[in-house]
*Asks:* 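Following this message is one structure expressed as structure tokens.
Below, read A as the first sequence line, B as the second, and so on, with proteins coming before strands; counting in each chain starts at 1.
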2 protein chains.
Amino acid sequence: MKDLATTTPDDQDAWYHDPLGRWVEQTEQALLLDVLALREGQAVVDINAGTGRLARTLAASTGANLIAVEPCRSVRDIGEARTRGLPVRWLSGGPESLPLDDATADVVLLITVLEFVPDRYRVFEEARRVLRPGGKLVIGALNVLSPWAALYHHLGQQGIGPWASAHLWTPDQLAQLLGVSDAEVRGCVYLAPAAQPPFRGADAAGMRAGNRPAFLVASCTK
Amino acid sequence: MKDLATTTPDDQDAWYHDPLGRWVEQTEQALLLDVLALREGQAVVDINAGTGRLARTLAASTGANLIAVEPCRSVRDIGEARTRGLPVRWLSGGPESLPLDDATADVVLLITVLEFVPDRYRVFEEARRVLRPGGKLVIGALNVLSPWAALYHHLGQQGIGPWASAHLWTPDQLAQLLGVSDAEVRGCVYLAPAAQPPFRGADAAGMRAGNRPAFLVASCTK
């Protein structure tokens, strides 16, 4: 969840000033770091990198070389400022047409991107295009069956933020897209949008309550 | 939740043979009994009474006189069989046009009805019409913000059951319809559709996780 019912760069970051937003971000990034298992010097493309919050974490904690692609100038400016001094190169470009050569990336990330693009299969194919053979494509996606999806759908019905046209995912849809088994789709964030701190306890409670995880991560090798 | 993604009478009842369905029904009926506080001999109209599961509970445990109105013949037949020997009178009729005189009922129930009718305000006014001055109108409604709403929306997108056109409610929308304060809207069922037994523990966990209750109950006096 990069943003919650928001459209402007300032708003996108506002969510992370909220204690719950911060906890969710840390939890999602921890899962991504685990799935990615990045090695020093790997070329990692982050598509629709936004204000660079994930790129900063990955660059700072792994030594990988990030290529952050973001179409919106004002958003990219924030990202560049945030990742200054880190091995992150920013490029202007939309997810349907990346400014990158074929088969050049070791890892390509589509994190909460496929929910919000008009043609998700084209974006998926474009991500695969820039990946080298043997490289890893990682998708992070919002789960249509989590308690958060109820909120997103309700916001969408009111025309708030990007939710009206968002396409959320089931774990098996994600597995099918990537050509992996359901068991390879991992998830985190079992608490609900109205959770109160301490969030670790709320998250364990969400799992016990039968909540589906809000954030799904799956990967495949090209 | 009278039924889960179902349309036929048999299917409507199948949900209650599931241990979770039974627990949900008991929990919802307990809340309704508490809100209703029925007295012996009161005339209670149950609109779209379905297969009579709620009418049976209310008639058997309170001594009220139930008038169960249900438009579908095959569903009504099941309800009549289920409530035989109890003070339940079955009538054929749709929620937009009840076969009852003005101002004759002490209590009128609209339990998971307003989600599924084309004109919910007309149905609401029709329910009020048959209520006597000083009588009580009770609405039970599915909460658009609960984890169950995510499942219902997902089923609706696949065209399953009545969910594609269902209108779920927020607590404040329900309060506004009835002209009461938000605080007067009560709720139950905090666990999620994938909850495992024991359900009482899963329900407490759902509350701790910040889940919104799946079933809302509110009432007003005419």
*Asks:* So, for A:A150 and B:A149, which heavy atoms are closest and what is the spacing to 0.1 Å?
*Replies:*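 Between these two residues, the closest heavy atoms are CB-CB, 4.1 Å.
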*Asks:* Could you check whether atom CD of A:Q176 has more than 12 heavy atoms from other residues, nucleotides or ligands sitting under 6.0 Å from it?
*Replies:*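 12 or below, so no.
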*Asks:* Checking B:R208 side chain against A:A209 main chain: does a donor-acceptor pair fall under 3.5 Å?
*Replies:*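 No.
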*Asks:* Just wondering, are more than 12 heavy atoms of other shown residues or ligands nearer than 6.0 Å to CZ in B:R122?
*Replies:*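 Open: at most 12 neighbouring heavy atoms sit under 6.0 Å from CZ of B:R122.
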*Asks:* Heavy-atom count check: over 12 atoms from other residues, nucleotides or ligands less than 6.0 Å from B:R200 CZ?
*Replies:*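 Result for CZ/B:R200: open.
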*Asks:* Can you tell me how far apart CD (B:Q196) and CE (A:M207) are? Round to the nearest 0.5 Å.
*Replies:*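 Result: 13.0 Å between the selected atoms.
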*Asks:* What part of B:S146 gets closer than 4.5 Å to chain A, counting heavy atoms only: side chain, backbone, both or neither?
*Replies:*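 It is the backbone, since no side chain atom gets that close.
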*Asks:* What closest approach, in Å, do B:G210 and A:A194 show between heavy atoms, and which atom pair accounts for it?
*Replies:*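 Heavy atoms of B:G210 and A:A194 come nearest at O-CB, 3.4 Å.
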*Asks:* Output the distance between atom CG (B:N211) and atom CG (A:N211), rounded to the nearest 0.5 Å.
*Replies:*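 Separation between the atoms: 4.0 Å.
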*Asks:* Could you grab the distance from atom CD of B:Q157 to atom NE2 of A:H153, nearest 0.5 Å is fine?
*Replies:*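 Between B:Q157 CD and A:H153 NE2, I get 7.5 Å after rounding to 0.5 Å.
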